[in-house]
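The structure under discussion appears below in the form of structure tokens.
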Amino acid sequence: MMSSQMDTLTTTADLVPFHGCAFVPTMGALHEGHLSLIRQGTQMGGPVVVSIFVNPTQFAPHEDFDQYPRPLDRDLDMAAKAGAAAVFAPAAECVYPPDVPVAAPALPPVATTPGLEDGHRPHFFTGVCAVVARLFDLVRPASAIFGEKDWQQLQVIRAMVEADPSRFPLQIDSGPTLREADGLAMSSRNAYLDAAQRDQALALSRALELAQGLDPTAAEGAMMACLLDAGLSVDYAVIRDAVSLGAPRADRPTRALIAASLGSIRLIDNGPV
Ligand code: PAF
């Protein structure tokens, strides 16, 4: 199917002409952050394929799988305007065929040991690695681009690919987090915030600013105080090694990472420190 000169693909066979593409996996509800990854992909020379698939296996039963926004026509239009050659929007049976066993990748330590997303959403990386591995098998891209907003996810996918180069012969690239003018990191879940919550949510980017120039202990204290003062419920506000997400070391890049909730709306953010 064509949408403003862009192909909409739904089957494995549809993907064959696009093998070797630059690939941007998404769950749809596209925003400027996704579009910047698509534009980044267009600089790589080949076609850009965007997948839109709300992956059930990365949601726990109490999470927002049913509520997750699915504005497909709007997404197709936005992806086409950003320069995507095709959108792959498969049915669940294509990704998880009931009659064909699909090899689930082993989870790397960065998916199971830091106590960050892995600690608070124990199902999450099993689902993300399963779907990303399957999408890589189907799309067969030369490169895939992920947003840095999901920092632990990015490290997990890099480690998964590095651990099995024969199954995953591709390059992993990343694009920076895009922010609203007031600092709020762009996210499809921002649509859930009412005006008062959106104001409270600014505490995440403010906390990351406060962490700058402080030693790790002081930075964690300052971030926690900022988030609690704004009335958020905090899962973590920590300084970690930027790659292993273990304890920070003075001789290696470090990252500040936050997850905090406003009622049932859970937000994450991160930045270099
Ligand atoms: O970051 C996301 O949108 C999802 O976790 C991903 C990578 C598309 C897998 O469903």
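One-based numbering, in listed order, for ligands and for the atoms of each.
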**Q.** Residue among E117, E220, H120 satisfying side chain to side chain donor-acceptor pair (under 3.5 Å) with Y236
**A.** E117
Q) For the residue pair F59 and Y68, does the interplanar ring angle fall in the parallel (under 30°), tilted (30 to 60°) or perpendicular (over 60°) class? A) perpendicular
Q: Say whether T26, considering both its backbone and side-chain N or O atoms, lies within less than 3.5 Å of an N or O atom on ligand 1.
A: no
Q.
When you compare ligand 1 with Q153, is there at least one nitrogen or oxygen pair between them that comes in under 3.5 angstrom?
A. yes
Q) Going by the atom numbers of ligand 1, which of them fall below 4.0 Å from some non-hydrogen atom of V131? A) 9 (C), 10 (O)
Q. Is atom CD of Q212 surrounded by more than 12 heavy atoms (other residues, nucleotides or ligands) closer than 6.0 Å?
A. yes
(Q) Does the structure place the NZ or CZ of R134 under 6.0 Å from the centre of the six-membered ring of F88, at an angle of no more than 45° from the ring's axis? (A) no
Q) How close does the nearest protein non-hydrogen atom get to atom 9 (C) of ligand 1, and which residue and atom is it? A) Q58 OE1, 3.3 Å
